[in-house]
*Asks:* 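Here's a structure for you.
These numbers were taken from a predicted model, which means no experiment stands behind them.
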Amino acid sequence: MPEMPEVQGLADFLRTKLIEADASPAVISDVEVLSFSVLKTAGVPLSALTGAPVTAVRRRGKFLIITAGGVHLVMHLAKAGWLRWSDALKPGRLRPGKGPMALRVRFAASPDDDGGAEPGFDLTEAGTKKSLAVYLVEDLQEVPGIARLGPEAFDVDYDTFAALVASHRGQIKGLLRDQSVIAGIGNAYSDEILHAAHLSPFANAARLQPDEVQRLYEAMEGTLESAIANAAGRPAAQLKDSKRRALRVHARTGEPCPVCEDTVREVSFADSSLQYCPHCQTGGKLLADRRMSKLLK
C-alpha cells in the first residue's frame, strides 16, 4: 500500500508536471471513470473539472489531492492502487471494463507542443478486490477518511506523542497504523519504525518505558524523513521499486536482518502480515503466527 512517503512523492511529481513545468498551470480537459465503483461521490459533477486549471497538488495522510476549478479531486490508492503518468496519452476515450484501469485524467496539450500531445495519468488497481477510492468535493472534510485523520507525523511533537502512546491500551503497531491518531503510516513503515526502535510490534503501548517511547519517536521521525528523501525527485514509475529496495524488514521474510543478520520473521493475518527481527526486537523470541498455527493442527 502506498503510504505517506510515496504519496508525498506522487504529489511532488504531479506538482512539477501540472504547475511548475510551464508558465501557466495545466488545464484538465477530460476525466474518465473506467471502474464504476471507484467514484464515491455524486454531489459535484465531473464536468466541474473540465477546462479548470490546476491550482494545487498536495497530500493529506495517504490521500492525494488535486485542486482545480475550486473543487478537489481526492484519491486514495488503497492497498493495490497506483498512478501511471504519460506525457502523451493516446487520443480517444477508453471503454469501462473489468481490467485494472479505474480512472483517467487528461490535460490540455501545452501551447509549446507542436504535436498537440495531451499528457495525463491513469489510476490503476491490481487484483480483484477493489478498494481504490476517488472523491470530488468542494470541502475536503466531506471525504470521510480525511475528516477522521489525526495530525501528520511531523506535526506531532514528543510530548504529544508520549501522551498518545501512554493513553493507548493496545499494541504499539496498531497505534502507529491508526490514521485517526497519526496520519500517513501504514503496515510497511510501522514495521520499519519498530525495527529501528528495537521494539516488538506486539508491545503494549501504554506499558512502554520513557526511553522506549523516546526511541520510538526518534525512529518514526528518522524512518519517515529517510523515506521521503528516498522518494524525492523520482518519477511516479520509480517510486514503488525505490520503496521496496529501501525497506529493511518489511516484506523481507527469510532474509537476514541488515543490522544483526538474524533471520527476518513474519506473522500472518487474514489479509496482511508483519515482519520483524527477533534478535533486534523481541529478545530472540518468535512471535506466534496464528494463521500458521491453525494450518499445522
Side-chain angles (χ1 to χ4, degrees), residues 1-10 12 59 61-62 77 79-80 82 152-154 156 158 161 165 171-179 181-205 208-209 211-234 236-269 271-289 291-292:
M1 175 184 288
E3 299 177 32
M4 181 256 271
E6 294 76 53
V7 180
Q8 185 64 54
L10 287 173
D12 293 343
R59 174 196 63 80
K62 301 178 192 177
L77 298 173
K79 189 172 184 178
W82 195 243
E152 298 289 331
F154 293 133
V156 179
Y158 174 74
F161 181 78
V165 172
Q171 295 172 352
I172 190 61
K173 181 175 171 72
L175 173 69
L176 292 175
R177 293 187 63 187
D178 188 339
Q179 300 303 294
V181 178
I182 300 174
I185 301 172
N187 193 33
Y189 287 110
S190 58
D191 281 353
E192 297 295 297
I193 290 166
L194 290 167
H195 178 254
H198 299 284
L199 290 173
S200 168
F202 288 177
N204 184 287
L208 293 182
Q209 298 302 307
D211 63 312
E212 293 175 318
V213 177
Q214 182 71 46
R215 289 206 313 268
L216 182 62
Y217 181 74
E218 292 173 356
M220 179 182 73
E221 288 203 320
T223 299
L224 295 177
E225 285 173 354
S226 177
I228 287 175
N230 183 53
R234 295 186 184 274
Q238 295 180 11
L239 286 170
K240 286 197 290 186
D241 286 341
S242 67
K243 173 186 177 179
R244 292 190 189 103
R245 289 193 298 269
L247 294 174
R248 297 162 72 84
V249 291
H250 184 77
R252 296 200 180 279
T253 304
E255 297 182 22
C257 168
V259 175
C260 71
E261 297 189 349
D262 193 3
T263 302
V264 174
R265 305 286 182 158
E266 176 175 310
V267 177
S268 299
F269 305 97
D271 58 355
S272 66
S273 63
L274 64 82
Q275 285 77 38
Y276 69 100
C277 170
H279 182 270
C280 290
Q281 297 177 251
T282 63
K285 178 184 177 181
L286 298 184
L287 301 177
D289 188 333
R291 189 175 72 170
M292 186 58 66

*Asks:* List the residues meeting side-chain hydrogen bond (donor to acceptor under 3.5 Å, both in side chains) with T263, not counting sequence neighbours, and say none if there are none.
*Replies:* none

*Asks:* Would you check if there is a donor-acceptor pair between the side chains of Y158 and E221 at a distance under 3.5 Å?
*Replies:* no

*Asks:* Could you work out, with side chain to side chain contact (heavy atoms under 4.5 Å, CB included) as the rule, every residue matching S226, not counting sequence neighbours?
*Replies:* none

*Asks:* Which residues pass the side-chain hydrogen bond (donor to acceptor under 3.5 Å, both in side chains) test with Q238, not counting sequence neighbours?
*Replies:* none

*Asks:* Return the minimal non-hydrogen interatomic distance between S190 and R177, and the atom names on each side.
*Replies:* OG-CG, 3.7 Å

*Asks:* What residues, two or more places apart in sequence or in another chain, satisfy side-chain hydrogen bond (donor to acceptor under 3.5 Å, both in side chains) together with R59?
*Replies:* Q8, E152

*Asks:* Given the rule in the side-chain contact (heavy atoms from CB on, under 4.5 Å) test, do V249 and Y276 qualify, once you have shown the distances and angles that lead to the verdict?
*Replies:* CA-CA 6 Å; V249 291; Y276 69 100; over 6 Å; no

*Asks:* What distance separates L194 CG from Y189 OH, expressed to the nearest 0.5 Å?
*Replies:* 14.5 Å

*Asks:* So for atom NZ, which belongs to K285, do other residues, nucleotides or ligands contribute more than 12 heavy atoms lying within a distance under 6.0 Å?
*Replies:* no

*Asks:* To the closest 0.5 Å, what do you measure between CD (E3) and CD1 (I185)?
*Replies:* 8.0 Å

*Asks:* Show the nearest heavy-atom pair for residues L175 and A205, with the distance to one decimal.
*Replies:* CD2-CB, 4.4 Å

*Asks:* Please give me the minimum heavy-atom distance between A288 and V267, naming the atom from each residue.
*Replies:* O-CG1, 3.5 Å

*Asks:* Write down the atom of N230, the atom of A246, and the distance for their closest heavy-atom approach.
*Replies:* ND2-CB, 3.9 Å

*Asks:* Who pairs with F161 by ring pair (Phe, Tyr, Trp, His ring centres under 6.0 Å), at least two apart in sequence or on another chain?
*Replies:* Y217

*Asks:* Would K62 and Q179 satisfy side-chain contact (heavy atoms from CB on, under 4.5 Å), going step by step from the backbone distance to the final call?
*Replies:* CA-CA 9 Å; K62 301 178 192 177; Q179 300 303 294; 3.8 Å; yes

*Asks:* Could you please spell out the steps behind the side-chain contact (heavy atoms from CB on, under 4.5 Å) verdict for V259 and R248?
*Replies:* CA-CA 9 Å; V259 175; R248 297 162 72 84; 3.2 Å; yes

*Asks:* Output the distance between atom CD (E6) and atom CZ (R234), rounded to the nearest 0.5 Å.
*Replies:* 11.0 Å

*Asks:* Tell me every residue that passes salt bridge (charged side-chain N to carboxylate O under 4.0 Å, His left out) with R252, counting only those two or more places apart in sequence or in another chain.
*Replies:* E255

*Asks:* Please collect all ring-ring contact (aromatic ring centres under 6.0 Å, His included) contacts where either partner lies in residues 238-259, sequence neighbours excluded, each pair once.
*Replies:* none

*Asks:* Do T282 and R265 pass the side-chain contact (heavy atoms from CB on, under 4.5 Å) test, and can you show the C-alpha distance, the side-chain angles, and the key distance before you say yes or no?
*Replies:* CA-CA 11 Å; T282 63; R265 305 286 182 158; over 6 Å; no

*Asks:* How many angstroms lie between CG in N187 and OG in S273, if you round to the nearest 0.5 Å?
*Replies:* 6.5 Å

*Asks:* Quick one: pull up CG in L199 and CD in Q281 and give me the separation to the nearest 0.5 Å.
*Replies:* 7.5 Å

*Asks:* Could you measure the distance from the CG atom of L247 to the CD atom of E192? Nearest 0.5 Å is fine.
*Replies:* 4.5 Å

*Asks:* Looking at residues at least two apart in the chain, or sitting in another chain, which of them share a side-chain hydrogen bond (donor to acceptor under 3.5 Å, both in side chains) with E225?
*Replies:* none

*Asks:* Does a salt bridge link K173 with D191, judged by any charged N lying under 4.0 Å from a carboxylate O?
*Replies:* yes

*Asks:* Would you say that C257 contacts H195 through its side chain, given a criterion of any heavy-atom pair below 4.5 Å between the two side chains?
*Replies:* yes

*Asks:* For the backbone of P256 and the side chain of E261, can you confirm whether one donor and one acceptor N or O come within less than 3.5 Å of each other?
*Replies:* no

*Asks:* Mind checking ring pair (Phe, Tyr, Trp, His ring centres under 6.0 Å) for F154 and listing every partner two or more places apart, or none if nothing turns up?
*Replies:* none

*Asks:* Checking K79 now: which residues fulfil side chain to side chain contact (heavy atoms under 4.5 Å, CB included) with it, not counting sequence neighbours?
*Replies:* M1

*Asks:* At their closest point, which heavy atom of A153 faces which heavy atom of M220, and how far apart are they?
*Replies:* O-CE, 4.0 Å

*Asks:* Sequence neighbours left out, what passes salt bridge (charged side-chain N to carboxylate O under 4.0 Å, His left out) with R215? Give chain and number order.
*Replies:* D211

*Asks:* What heavy-atom pair brings P201 and Q171 nearest, and what distance separates the two atoms?
*Replies:* O-CB, 3.7 Å

*Asks:* Got a sec, which residues hit side chain to side chain contact (heavy atoms under 4.5 Å, CB included) with A231, two or more places apart in sequence or on another chain?
*Replies:* L239

